[in-house]
Amino acid sequence: MLVTPDGRVLGILPPVAAATPWWQEAGPVVRAVRDRFGIDATILRLLETGRDRPHGGPVTYLAEVADLAEAEPFEPWDGTLDEQPLRLPYAFPGGPAADLAWARRLLRQRGLRRSGPPEQIRSWNLSSLWRIPVEGQVVWLKAVPPFFAHEGRLLERLAGGAVPRLLGQEGGRVLLAEIPGEDLYEAGPAQLLEMVDLLVGLQRGWQGRAAELLALGLPDWRAPALTVAIAAVAERAADALSAADRAVLAGFLDGLPQRFADIAACGLDDTLVHGDFHPGNLRGDSRGITLLDWGDSGVGHPLLDQPAFLTRIPPDTVAPSRRHWHDRWRAAVPGSDPDRAAALLAPVAAARQAVIYQGFLDRIEPAERVYHRDDPAEWLGRMVEILESGPSA
């Protein structure tokens, strides 16, 4: 569906195939439309989807277009575009242009000249991402919802560390320098241990400084706040669970205060939590690695970051990575018991994910909820599986 920058509806394009299963990946969609119709479009948001779950299959986007080819391939559309109070600025006509204008001003202030047109990479309810070529390098413009807007402020505080180099930030916008190397989804065993070292080093430096992190706007995942949040999401998602799972969940909630007391007795204080720590969120080469994508960060137990990492690495690297992780914490905090803390935290970490996804659903517009609709109940189900899997829970 095409609109002009001032929001005037032009019409709808015939179907076009894009070579990606990921609805939020705007780049392949933009290229497919350009190749087939000669139209340079900017993806704004989802309008409707052909299935209840994301990834692959038919989808209709709202897209903005300024300059049309002489032959106008779109068909009339007699629908009405709705208004939503939770709509993000970059999902409105003119929104991406405003983000790019902000980036251009910042580049001029830094004496950087563009060497090519900006390229839209991603657009969905969690981020808008653009690649902007400038002389001799590439920079990245990222715009996020208010609940991720602490990323820029945190990157300012982490400047000089193994994090993206911030060129500027304002509200939910950040402009970032290119990170050398490649994404490390396929990292080898030695590099996985290097990732653990990087995270533990960062977290050690922020222990005892929760107030500073909360002042930057990071969410609170410490025991009192997380206990309340887990109970709330459990109540809301209960109807999607079986009676047996609800019974396990009720027992978990009853024992949560004692579980958190036992976790605290293991000796590792709350600190900075990345929130989505896995190899794909690190980038680098033989010269070093960088931990990116800090929008999911919060304040809580350092080992909340462990499950996401261990479930996304090869099975034969899980035990050595976990052992190295715990050895690092034992060395950092003599007398601590990271083994027991990690076992006690495993179901808590799954329940925290349910809290996170429910938060997304509560703060994004209805058409975009397809991405996360089933996630709270699914994560509570995983929590039940962990509780039933063995005595460590």
Side-chain angles (χ1 to χ4, degrees), residues 86 125-126 145-148 150 210-211 213-277 295-308 311 340-364 366 369 371-393:
L86 295 175
N125 55 84
L126 299 183
F147 52 85
F148 280 170
H150 56 272
L213 294 169
L214 295 171
L216 295 175
L218 275 68
D220 188 352
W221 300 325
R222 296 173 297 173
L226 198 51
T227 298
V228 172
I230 291 172
V233 75
E235 181 178 359
R236 296 179 65 179
D239 290 345
L241 302 176
S242 69
D245 284 356
R246 289 198 297 271
V248 174
L249 178 57
F252 171 76
L253 293 173
D254 288 342
L256 199 50
Q258 184 60 52
R259 182 180 292 267
F260 273 124
D262 292 343
I263 291 169
C266 294
L268 298 180
D269 293 339
D270 293 321
T271 185
L272 174 63
V273 177
H274 180 272
D276 194 20
F277 181 68
D296 292 285
S297 59
V299 184
H301 195 283
L303 293 180
L304 284 173
D305 272 326
Q306 190 176 82
T311 56
R340 178 161 169 74
L344 290 165
L345 272 167
V348 175
R352 185 193 71 88
Q353 291 285 56
V355 169
I356 297 302
Y357 283 108
Q358 186 61 58
F360 294 166
L361 290 169
D362 290 343
R363 292 177 286 184
I364 60 176
R369 291 174 189 163
Y371 285 108
H372 317 294
R373 184 179 295 132
D374 299 327
D375 289 323
E378 287 189 2
W379 278 102
L380 290 177
R382 293 191 202 184
M383 183 210 69
V384 170
E385 292 175 2
I386 292 168
L387 288 166
E388 294 179 330
S389 65
S392 64

Partners passing salt bridge (charged side-chain N to carboxylate O under 4.0 Å, His left out) against Arg246 (at least two apart in sequence or in another chain)
none
Between Arg259 and Gly255, is there a donor-acceptor pair closer than 3.5 Å when you use the side chain of the first and the backbone of the second?
no
Provide the full list of salt bridge (Lys or Arg N to Asp or Glu O under 4.0 Å) pairs with a residue in residues 213-229, sequence neighbours left out, each pair given once.
Asp220-Arg222
Nearest 0.5 angstrom please: His301 NE2 to Leu268 CG, how far?
4.5 Å
Going by ring pair (Phe, Tyr, Trp, His ring centres under 6.0 Å), name the residues that satisfy it together with His372, two or more places apart in sequence or in a different chain.
Trp124, Tyr357, Phe360
Is there side-chain contact between Phe252 and Leu380, with at least one heavy-atom pair below 4.5 Å?
no
Could you go through the side-chain contact (heavy atoms from CB on, under 4.5 Å) check for Ile356 and Trp379 one step at a time?
CA-CA 10 Å; Ile356 297 302; Trp379 278 102; over 6 Å; no
If I take atom CG from residue Leu272 and atom CG from residue Leu218, how far apart are they, to the nearest 0.5 angstrom?
6.5 Å
side-chain contact (heavy atoms from CB on, under 4.5 Å) against Thr271, all qualifying residues, sequence neighbours excluded:
Gln203, Trp206, Gln207, Pro302
Could you list the residues that satisfy side-chain hydrogen bond (donor to acceptor under 3.5 Å, both in side chains) with His150, not counting sequence neighbours?
Ser297
Calculate, to the nearest 0.5 Å, the distance between atoms CG and CZ belonging to Asn125 and Phe148 respectively.
8.5 Å
Least distance between heavy atoms, Cys266 atom then Leu344 atom:
SG-CD1, 4.4 Å
Who are the side-chain contact (heavy atoms from CB on, under 4.5 Å) partners of Thr311, not counting sequence neighbours?
none
With sequence neighbours left out, what residues match Asp362 under side-chain hydrogen bond (donor to acceptor under 3.5 Å, both in side chains)?
Arg236, Gln358
So how far is it from Leu86 CG to Leu361 CG, rounded to the nearest 0.5 Å?
11.0 Å
The side-chain hydrogen bond (donor to acceptor under 3.5 Å, both in side chains) partners of Asp276 (sequence neighbours excluded) come to Asn281
List for me each residue that meets side-chain contact (heavy atoms from CB on, under 4.5 Å) alongside Ala349, sequence neighbours excluded, and say none if there are none.
Leu304, Pro307
Test your reading of the model: is there a side-chain donor-acceptor pair from Asp245 to the backbone of Gly381, 3.5 Å cut-off?
no
Phe147 side chain reached by Leu126 side chain, heavy atoms, under 4.5 Å:
yes
Just jot down the salt bridge (charged side-chain N to carboxylate O under 4.0 Å, His left out) partners of Glu235, sequence neighbours excluded, or say none.
none
Report the distance from atom CG of Leu345 to atom CZ of Arg340, rounding to the nearest 0.5 Å.
11.0 Å
Using side-chain heavy atoms (C-beta onward) and a distance below 4.5 Å, is Asp375 in contact with Gln353?
no
Interatomic distance, Met383 atom CE to Glu378 atom CD [nearest 0.5 angstrom]
14.0 Å
Residue pair Val348 / Leu256, side-chain heavy-atom distance below 4.5 Å:
yes
With sequence neighbours left out, what residues match Ala229 under side-chain contact (heavy atoms from CB on, under 4.5 Å)?
Val355
